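What you see is a predicted model, and the numbers here were worked out from it, not measured in a lab. Note that ligands are numbered from 1 as they come in the structure, with each ligand's atoms numbered from 1 the same way.
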Amino acid sequence: MGGSSPNCLRDSLRQALHRREAKLCRRKLTVLPSSSVDFSSNDFLSLSTSPAFRARFLNHLKRAPPLHPFASGGSRLLDGNSAYAEELEEFIATFHNAPSGLIFNSGYDANVGVLSTIPQPGDIIVYDELIHASAHEGMRLSRAGKRVKFAHSSPEGLEAVLQSQILADPQLRDGQRNVFIVVESVYSMDGDVAPIADFLEVVERLLPRKNGYFIVDEAHATGVFGPRGAGVVQQLGVEDRIFIRMHTFGKALASHGAIVLCCSDTRDYLINYARTLIYTTALGFPMLASIRSAYELLAEGETVQLQRTLGQLIVYFRTRLESLSAWGSSIFEVDHFTNSPIFSLRSRVPRQLASVCQQEGYIVRAIMPPTVPVGRERVRVCLHAGNTMEEIDGLIKTIETWLQQTEKKTARL
Ligand SMILES: Cc1ncc(COP(=O)(O)O)c(C=O)c1O
């Protein structure tokens, strides 16, 4: 024992970090000035700074009886449960037109809880290749016999994978084994909306015994897409054909945590088996009150105007970006999908572009592998209901100046 092994460990940790540094993908925590303009966070409705949200939240806190515990008290299965939490689950489930809901401490925990427990031995998970890291973590822990990816947002890709799995395993065709199809409704890095209706058509045609179960992660759709921000599944009116929906509260809802919307048997099963629910301290009253405040605003239609404003800003930013298309050279390319507040500015030097924008007071972030595949590095720009057209003009001007200077430098080489 003694001093050598800790040094050895530290050396290997440092080497790993140096390798990341060399590949320009070492992650660092950063704090940007609060005076900077937010073009980065997932606070799409700007609810976190909304006076209406703050007033409602504080009112919920104030209305709590004296000595009402502000701390959680334990796991949901022990002292962390409350009538308030259960009523909130019912309220959210009703809003989402779902039979029941179960709150987890985060979307990460919800995905891990669902995917690690629900697929049974012999079942198959078929997932979109760009699915979030938390879904990968859940699948890694799952007892499913196989996990197979399909090409991003491709109904043809899903069909090809399903067909080959059904050919290989007659029990799938007979309905004796289950297939779980895991997708996001809006992808976090590209902002594209999944073709859920087409996926449903493929799965219901190939698995007529109804043993194809959809798990849809609505993290980036919550509050932003669908009627009163209820999500893409409700926009399509296909709630009944989706086995599990997962909505997170940490993005547009200015809170923390997530809900799994499912039937009551599935809810019960998760309460019994999901370790990310059982072995962790549940959310305390203040966070539940925050989630309640956000959902009340959604349910009362108070966020619809924010959704509209965001929609107008999306159109404006897209039009302004088109004015930069003359620069659509090797150093800059824009990926954007209609209605999405997430824009991907692809560049070979995303860190440089992000840093220039940050110096000018605009928070945007470079997204590097392994968060996105190699070759898909980008600067991710997120719009918010609280952004202004002037701020967008300022960001566009900064990008334009950078492009002009970079092109000049490249031409001189
Ligand atoms: C698609 C998706 N699912 C799940 C999560 C995890 O949610 P949370 O931040 O609540 O843990 C995220 C967060 O980045 C996400 O983008």
Side-chain angles (χ1 to χ4, degrees), residues 27 29 40-45 47-48 88-89 92 96 101-116 118 125 127-142 149 152-153 180-194 196 199 214-226 229 231-233 242 244-262 270 274-277 280-284 287-288 290-291 294-295 337 340-344 365 367-368 370-373 376 378 380-382 384:
R27 292 166 163 143
L29 295 177
S40 173
S41 80
N42 295 319
D43 184 21
F44 301 114
L45 297 177
L47 219 54
S48 73
L88 178 59
E89 285 173 336
I92 298 173
H96 284 295
L102 184 64
I103 291 178
F104 282 73
N105 288 357
S106 69
Y108 196 100
D109 284 354
N111 274 339
V112 172
V114 164
L115 286 162
S116 62
I118 304 270
I125 305 177
Y127 63 94
D128 187 291
E129 64 182 338
L130 292 192
I131 200 81
H132 190 256
S134 53
H136 279 284
E137 196 61 18
M139 292 192 287
R140 207 172 57 80
L141 297 169
S142 138
K149 67 179 174 193
H152 175 55
S153 275
F180 291 88
I181 303 95
V182 185
V183 295
E184 289 171 28
S185 58
V186 176
Y187 282 84
S188 53
M189 291 299 144
D190 294 86
D192 55 322
V193 178
I196 290 176
F199 286 156
F214 275 85
I215 297 177
V216 180
D217 178 336
E218 295 246 41
H220 286 273
T222 311
V224 179
F225 284 79
V232 173
V233 169
I242 304 294
I244 283 179
R245 282 176 277 161
M246 199 280 287
H247 288 269
T248 61
F249 313 136
K251 303 190 190 298
L253 302 193
S255 304
H256 206 90
I259 192 160
V260 171
L261 301 172
C262 55
L270 289 169
R275 297 168 71 86
T276 50
L277 179 92
T280 185
T281 301
L283 296 179
M287 191 42 66
L288 296 176
S290 172
I291 298 162
Y295 264 98
F337 299 86
S340 175
I342 302 169
F343 289 71
S344 167
R365 310 264 179 193
I367 310 289
M368 309 295 289
T371 304
V372 289
R376 304 281 303 169
R378 82 271 315 261
R380 179 177 183 256
V381 176
C382 289
H384 313 94

When you pair each N or O of ligand 1 with protein N or O atoms, which pairs come out under 3.5 Å?
| residue | atom | partner | partner atom | Å |
| --- | --- | --- | --- | --- |
| ligand 1 | 3 (N) | Asp217 | OD2 | 2.6 |
| ligand 1 | 10 (O) | Gly107 | N | 2.7 |
| ligand 1 | 11 (O) | Gly107 | N | 3.2 |
| ligand 1 | 11 (O) | Tyr108 | N | 2.9 |
| ligand 1 | 14 (O) | His132 | NE2 | 3.2 |
| ligand 1 | 14 (O) | Lys251 | NZ | 2.9 |
| ligand 1 | 16 (O) | His220 | NE2 | 2.9 |

- Message: If we ignore hydrogens and angles and just use 3.5 Å, is the side chain of Glu184 paired with the main-chain N or O of His132 as donor and acceptor?
- Response: yes
- Query: Is Asn42 reaching over with its side chain to a backbone N or O of His220, donor-acceptor style, under 3.5 angstrom?
  - Reply: no
- Item | Audit row: Asp190, His152, side chain to side chain donor-acceptor pair (under 3.5 Å) steps and yes/no | CA-CA 11 Å; Asp190 294 86; His152 175 55; 5.3 Å; no
- Message: I'd like to know if the side chain of Asn111 and the backbone of Ser134 have a donor-acceptor N/O pair within less than 3.5 Å.
- Response: no
- Do side-chain atoms of Arg378 reach the backbone of Arg376 as a donor and acceptor pair under 3.5 angstrom? yes
- Query: Do side-chain atoms of His384 reach the backbone of Ser41 as a donor and acceptor pair under 3.5 angstrom?
  - Reply: yes
